[in-house]
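Note on naming: letters A, B, ... go to the chains in the order of the sequence lines (proteins, then strands), and numbering restarts at 1 for each one.
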Protein chains: 2
Amino acid sequence: MATDDLMTRALETLGDDAPLSVEAIHSLTDPADVPESMTIAEVADLLDISPHTLRYYERAGLVEVARDDHGHRVYDAEAVRRLVFLTRMRLSGMPMRDLQHYISLVDAGKETVSERLDMLLEHRDTIRRRIRELTLSLAATEYKIATYGGSTGPDVQTFDLAAGADRTPLPHEPSRPSPGRSEVSRK
Amino acid sequence: MATDDLMTRALETLGDDAPLSVEAIHSLTDPADVPESMTIAEVADLLDISPHTLRYYERAGLVEVARDDHGHRVYDAEAVRRLVFLTRMRLSGMPMRDLQHYISLVDAGKETVSERLDMLLEHRDTIRRRIRELTLSLAATEYKIATYGGSTGPDVQTFDLAAGADRTPLPHEPSRPSPGRSEVSRK
DNA sequence: CTAGGGCTTCGAGCGCGCTCGAACGCAAGC
DNA sequence: GCTTGCGTTCGAGCGCGCTCGAAGCCCTAG
């Protein structure tokens, strides 16, 4: 997913210890930079996704894009803003389906605002949950690293809790993977 | 991915404001609870994944599992510990491919320890990066919620930065989605 | 005049991680 | 004896989100 690069770049630009607040958001592809109209290549470049993906989003009904007299796509500022939003949501894990639903609400007019708000609130909770999951996994990984002597030096008592797969190989290893059963690709 | 449920449960058990430290890890399917041997259903239950998935992992070469005299799988404590580790890594986003590689290192013996450590360190960094990405997305989402009046009340100046898709519908909306092109599933 | 590059549409293909169906075996309970 | 239920193997299928290839058009540079 090339989309990740946008965020990666953003994170790099911000440095690893920036305050990471709403302030930071503004610097993320600031919509003020968006020109009146852009070509598909320019938008692709801006969002760090492929032209293929942009066409795909259009096919999926997420944006409407006009054509010039050669039949080439012309992205206006509104479309670009929408795409900025969409890629951001994709990046945070919102599925295409939900995005399609959200956009249909937008297109349906202002009476759907509260439903849209609900979606956003729910998505916020999803992100929060995911962050907590990852934080836990991070702790587990760091624990495992520690038992490996990542920084604690050699000969750490290896009584594996966060570990599991390999409590510092016992004498009787290696035990070969298993004589060729019908395997799932393992080249 | 039913695997998520393990973590979900764990998070719930811990409560939303727990210290979220290494301590917490111990309570996550504590390997001390693991009996001598288990059936596939029991393991599936323990890890909150399907028996299908367990068989799949075995086919993929991630664990070896013995059979009883009826040909039924018998998971010993070691296998279960390994699976705990594996599901944990899966949950934090490590791809099957990497897991297969890691396990092949484990099976290759103790001279691969440093390479394993490298993998873990890299994975740790991946998780950290992902957490930062999500944190940023979270901020963007919350910003958007705020412009919708999530708690700030009505009529927030809607000069959309974190927003994009829908700056509070203008008079000329709705503009219909686009007259039926060949669309990507949008039931 | 020609070659190259970038765009268009359409539909097919892919990588991932499961998930399921079919056809079968065995054991316990009614 | 037969059903129910849980297990087995094998291979196919699926949902997601792209990703790509083919065939063709148009513009510009050499």
K.L.:
Does A:Arg90 put a side-chain nitrogen or oxygen below 4.0 Å from OP1 or OP2 of D:dC18?
P.N.:
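Looking at the OP1 and OP2 atoms of D:dC18, one of them is under 4.0 Å from a side-chain N or O of A:Arg90.
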K.L.:
Please find the pair of heavy atoms, one from B:Ala44 and one from B:Ser50, that lie closest to each other, and give the distance.
P.N.:
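Minimum heavy-atom contact is CB-C, 4.1 Å.
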K.L.:
If you only use heavy atoms from C-beta on, which nucleotide in D:dA12, C:dC16, C:dG11 is closest to the side chain of B:Arg97?
P.N.:
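Of all the options, the side chain of B:Arg97 is nearest to C:dC16.
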K.L.:
If you only use heavy atoms from C-beta on, which nucleotide in C:dA12, C:dC18, D:dC16 is closest to the side chain of B:Met96?
P.N.:
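Looking only at heavy atoms from C-beta outward on B:Met96, the closest nucleotide is C:dC18.
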K.L.:
With a 3.5 Å cut-off and no angle check, do the side chains of A:His123 and B:Thr141 form a donor-acceptor pair?
P.N.:
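No, no side-chain donor-acceptor pair sits under 3.5 Å.
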K.L.:
Students often get this wrong, so: under 4.0 angstrom with heavy atoms, is B:Arg55 touching a base, only sugar-phosphate, or nothing?
P.N.:
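Touches a base.
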K.L.:
Under 4.0 Å between any heavy atoms, over every strand shown, what does A:Pro95 touch: base, sugar-phosphate, or nothing? Just pick one.
P.N.:
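The residue A:Pro95 makes sugar-phosphate contact but no base contact.
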K.L.:
Please pick, from C:dG17, C:dG6, D:dT19, the nucleotide with the shortest atom-to-atom distance to any side-chain atom of A:His72.
P.N.:
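Nearest nucleotide to the side chain: C:dG6.
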K.L.:
Would you name the heavy atoms of A:Val74 and A:Arg67 that are closest together and state the gap between them?
P.N.:
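That closest heavy-atom pairing would be CG2-C, 4.1 Å.
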K.L.:
Between atom CZ of B:Arg130 and atom OG1 of B:Thr135, what is the distance when rounded to the nearest 0.5 Å?
P.N.:
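One gets 10.0 Å once the value is rounded to the nearest 0.5 Å.
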K.L.:
Within the structure, does a side-chain N or O atom of B:Arg67 lie under 4.0 Å from either OP1 or OP2 of D:dT8?
P.N.:
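No, no such contact exists.
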K.L.:
Can you tell me if B:Arg73 touches the phosphate of D:dG7, counting only side-chain N or O atoms and a distance under 4.0 Å to OP1 or OP2?
P.N.:
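Checking B:Arg73 against D:dG7: no side-chain N or O falls below 4.0 Å of OP1 or OP2.
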K.L.:
Would you kindly give the CG-to-C1' distance between A:Leu91 and D:dC16, to the nearest whole Å?
P.N.:
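Rounded to whole Å, this separation is 16 Å.
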K.L.:
Could you tell me the separation between the CE atom of B:Met89 and the P atom of C:dG17, rounded to a whole number of Å?
P.N.:
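That distance rounds to 14 Å.
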K.L.:
Could you check how far CD1 of A:Ile40 sits from C1' of D:dC25, rounded to whole Å?
P.N.:
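Result: 16 Å.
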K.L.:
One thing to verify: whether B:Glu64 and B:Arg82 come together as a salt bridge, which I'm taking to mean a side-chain N less than 4.0 angstrom from a carboxylate O.
P.N.:
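Answer for the salt bridge query: no.
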K.L.:
Could you state the CE-P distance from B:Met94 to C:dC18, rounded to the nearest angstrom?
P.N.:
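Whole-Å distance recorded here is 14 Å.
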K.L.:
Taking NE2 from B:His52 and P from D:dG11, how many angstroms apart are they, rounded to a whole number?
P.N.:
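Result: 17 Å.
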K.L.:
Is A:Tyr57 close enough to D:dG17 that one of its side-chain N or O atoms is under 4.0 Å from OP1 or OP2 there?
P.N.:
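Checking D:dG17 against A:Tyr57, no side-chain N or O comes under 4.0 Å of OP1 or OP2.
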K.L.:
Whole Å only: how far is the CZ atom of A:Arg59 from the P atom of D:dC16?
P.N.:
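It works out to 16 Å between those atoms.
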K.L.:
When we call it a touch if two heavy atoms are under 4.0 Å apart, what does A:His70 touch: a base, just sugar-phosphate, or nothing?
P.N.:
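Sugar-phosphate, no base atom in range.
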